[in-house]
2 protein chains.
Amino acid sequence: MDNLITHFNQYLPLNELEVEALGIRVIEKTIKRRQFILNKGDTCRHYSFVSSGLLRKYAIDKNGCEFNIQFATENQWIQDLGSFNNNTPSQFYIEAIEPSILFQLDKNSLLYLLQNFPKFDRNFRVIMENKFINLENRIFQNISLSAEEGYKKFLNEYPELYNRLPNTQIASYLGITPEFLSKVRRNISLKD
Amino acid sequence: MDNLITHFNQYLPLNELEVEALGIRVIEKTIKRRQFILNKGDTCRHYSFVSSGLLRKYAIDKNGCEFNIQFATENQWIQDLGSFNNNTPSQFYIEAIEPSILFQLDKNSLLYLLQNFPKFDRNFRVIMENKFINLENRIFQNISLSAEEGYKKFLNEYPELYNRLPNTQIASYLGITPEFLSKVRRNISLKD
DNA sequence: AATTTATCTTAACTTAGTTTAAGAAAATTT
DNA sequence: AAATTTTCTTAAACTAAGTTAAGATAAATT
């Protein structure tokens with residue numbers, strides 16, 4: 001559970017009491033490649049912190065095409081917050097791309113921590129703010145950049161993901177077809 | 001300041017102490033149409049709560065095109081969170097589309113409230129979460145929907161904005177040109 | 001009320017991205 | 001190691017969206 005503690009310590013560091021309260025509530029979960037921790041239609045019951053591995057959250061549009069909303073690697077949180085908060089059926093799937101180890105908090109545990117230790121409110125607020133800032137940048141990039149520019153930016157921003165993801169997953173994150181990404185990549189390589 | 005109080009009361013209601021602490025720190029600001037409360041390159045110094053009116057946050061890409069990142073109407077917050085939190089130059093502009101009345105909190109005031117009343121951590125956490133959920137949906141729509149579908153969805157989700165915004169602002173939010181939006185609108189009206 | 005400025009539409013043309021299909025290369029599973 | 005499945009590439013035909021330019025409408029300012 002070390003990297004979860006370290007993660008929180010980046011913000012307002014936890015004291016012993018808080019570490020203990022967290023430790024007895026967190027559940028470690030090992031999942032295999034291709035395993036789903038959330039299916040469309042189900043209610044999201046856990047916050048999941050990725051200790052190791054790689055997952056993706058995606059949705060399927062009315063034509064059956066998948067679109068990646070988020071990748072989560074080491075030390076990142078992944079969940080469907082809307083579904084979790086409102087107990088509503090999720091529109092998303094969350095699937096492991098690599099075998100992964102998660103630390104999960106269910107709703108009761110999270111509420112307990114939030115209600116008894118204000119520091120968790122603080123820390124999750126700041127964590128959320130950072131995720132929000134990233135998403136706003138992504139929106140801007142998405143509406144303003146061409147496919148080629150967006151792909152280059154992705155490689156620049158997430159170089160470690162390039163080796164871990166098939167291009168088809170990157171295409172789905174950018175909102176373009178794999179065939180067109182192939183064309184884009186060919187174009188880029190011709191330029192050099 | 002009533003609607004700011006009401007806004008917070010939707011989450012964890014404020015007690016008298018908290019209302020007072022908030023009240024003496026909030027600054028009311030009246031701004032005219034076309035007035036900017038944030039310019040690119042400046043550091044964002046305030047959280048702004050829209051009491052009345054309408055503002056937009058936008059960025060300009062390398063070709064000089066504007067892209068709307070957010071509209072904020074009555075009872076919504078608007079700021080550049082990245083710039084505010086990290087004291088870094090903003091990449092965004094925030095401009096009033098209608099004459100507006102804002103309630104602003106500067107950094108010291110906000111920090112005071114957060115440090116002395118944990119409820120503000122809680123409330124801003126939940127406010128942030130809701131904004132995050134909306135943004136994730138917007139990302140999904142943006143990468144999965146055609147311009148026509150996106151425009152219809154926008155009208156459905158924000159019917160009150162339709163009468164208050166020129167189409168060119170909606171186009172900029174959707175990430176399409178005003179000319180193409182015109183074409184889309186004509187297409188829609190021909191179908192009925 | 002008159003003037004200026006911003007917005008909306010149309011059309012012809014160009015470009016970016018999609019679709020379909022098929023084969024090659026790589027990675028996973030057996 | 002062989003078989004299967006997934007991923008990647010290419011190409012031709014197509015469609016969605018952008019560009020440029022110009023005139024029409026509407027809204028804001030003086």
Side-chain angles (χ1 to χ4, degrees), chain A residues 31-35 53-54 56 58 61-68 71 95-100 141-155 161-191, chain B residues 31-35 53-54 56 58 61-68 71 95-100 141-155 161-191:
Chain A
I31 52 174
K32 291 185 249 175
R33 197 167 171 271
R34 301 263 152 106
Q35 188 175 336
L54 170 58
R56 67 174 180 134
Y58 69 93
D61 75 2
K62 60 177 192 319
N63 306 316
C65 299
E66 294 178 5
F67 290 89
N68 285 333
F71 297 118
E95 182 194 21
I97 292 180
E98 300 174 0
S100 305
Q141 289 170 27
N142 227 285
I143 62 182
S144 70
L145 299 183
S146 68
E148 177 169 336
E149 291 166 331
Y151 177 65
K152 283 179 175 167
K153 199 122 196 169
F154 182 89
L155 295 188
L161 285 181
Y162 171 70
N163 301 305
R164 295 168 73 178
L165 285 175
N167 284 315
T168 140
Q169 296 294 347
I170 298 176
S172 157
Y173 181 89
L174 297 173
I176 60 177
T177 59
E179 293 85 356
F180 188 59
L181 179 54
S182 213
K183 211 189 274 186
V184 164
R185 282 159 51 79
R186 181 151 178 280
N187 247 313
I188 292 175
S189 72
L190 287 180
K191 283 182 193 166
Chain B
I31 51 173
K32 291 185 249 175
R33 194 166 172 272
R34 300 264 153 107
Q35 190 175 337
L54 170 59
R56 67 175 180 132
Y58 68 92
D61 75 2
K62 61 179 190 318
N63 306 315
C65 298
E66 295 178 5
F67 290 89
N68 286 332
F71 296 117
E95 182 194 22
I97 292 180
E98 299 175 359
S100 305
Q141 289 169 28
N142 228 284
I143 61 183
S144 70
L145 298 184
S146 69
E148 177 169 336
E149 291 166 332
Y151 177 65
K152 283 178 173 166
K153 198 121 196 170
F154 182 89
L155 295 188
L161 286 182
Y162 172 70
N163 302 304
R164 296 168 72 177
L165 286 175
N167 283 315
T168 140
Q169 295 295 347
I170 298 176
S172 157
Y173 181 88
L174 296 173
I176 60 177
T177 60
E179 294 85 355
F180 187 60
L181 179 54
S182 212
K183 212 188 275 187
V184 164
R185 283 159 50 78
R186 182 151 177 279
N187 247 314
I188 293 175
S189 72
L190 286 180
K191 282 182 194 167

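Worth knowing before you read on, the calculation uses all heavy atoms, side chains too, and leaves out hydrogens, waters and symmetry mates. So you know, we letter chains A, B, ... as the sequences are listed, proteins then strands, and number each from 1.
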Round to the nearest Å and state the distance from [X] atom [atom1] to [N] atom [atom2].
X	N	atom1	atom2	result
B:N187	C:dT9	CG	C1'	13 Å
B:I97	D:dA27	CD1	C1'	15 Å
B:Y151	D:dA17	OH	P	15 Å
B:Y162	C:dT7	OH	C1'	13 Å
B:R164	D:dA27	CZ	P	16 Å
B:E149	C:dT18	CD	P	14 Å

Any N/O pairs under 3.5 Å between the protein and nucleotides 10-17 of chain C? List them or say none.
residue, atom, partner, partner atom, Å
C:dG17, OP1, A:A147, N, 3.2

Residue-phosphate contact under 4.0 Å: B:R185 side-chain N/O, C:dT9 OP1/OP2: yes

B:N167 side-chain N/O to C:dC8 phosphate OP1/OP2 under 4.0 Å: yes

Identify the heavy atoms of [X] and [Y] that sit nearest to each other, and give their distance.
X	Y	value
A:S172	A:E66	OG-O, 3.3 Å
B:F180	B:A147	CE2-CB, 3.5 Å
A:G150	A:L174	O-CD2, 3.8 Å

Less than 4.5 Å apart, side chain to side chain, heavy atoms only: is that true for [X] and [Y]?
X	Y	result
A:R33	A:P99	yes
A:F71	A:I97	yes
B:Q169	B:N68	yes

Any protein N or O atoms within reach of nucleotides 27-30 of chain C? Criterion: under 3.5 Å, listing atom names and distances.
residue, atom, partner, partner atom, Å
C:dT28, O3', A:R33, NH1, 3.4

Nearest-0.5 Å distance, CZ of residue A:F154 to CG of residue A:L165: 5.5 Å

Pairing of B:K152 and B:E148 as salt bridge, 4.0 angstrom limit: yes

Residue pair A:Y173 / A:R56, side-chain donor-acceptor N/O under 3.5 Å: no

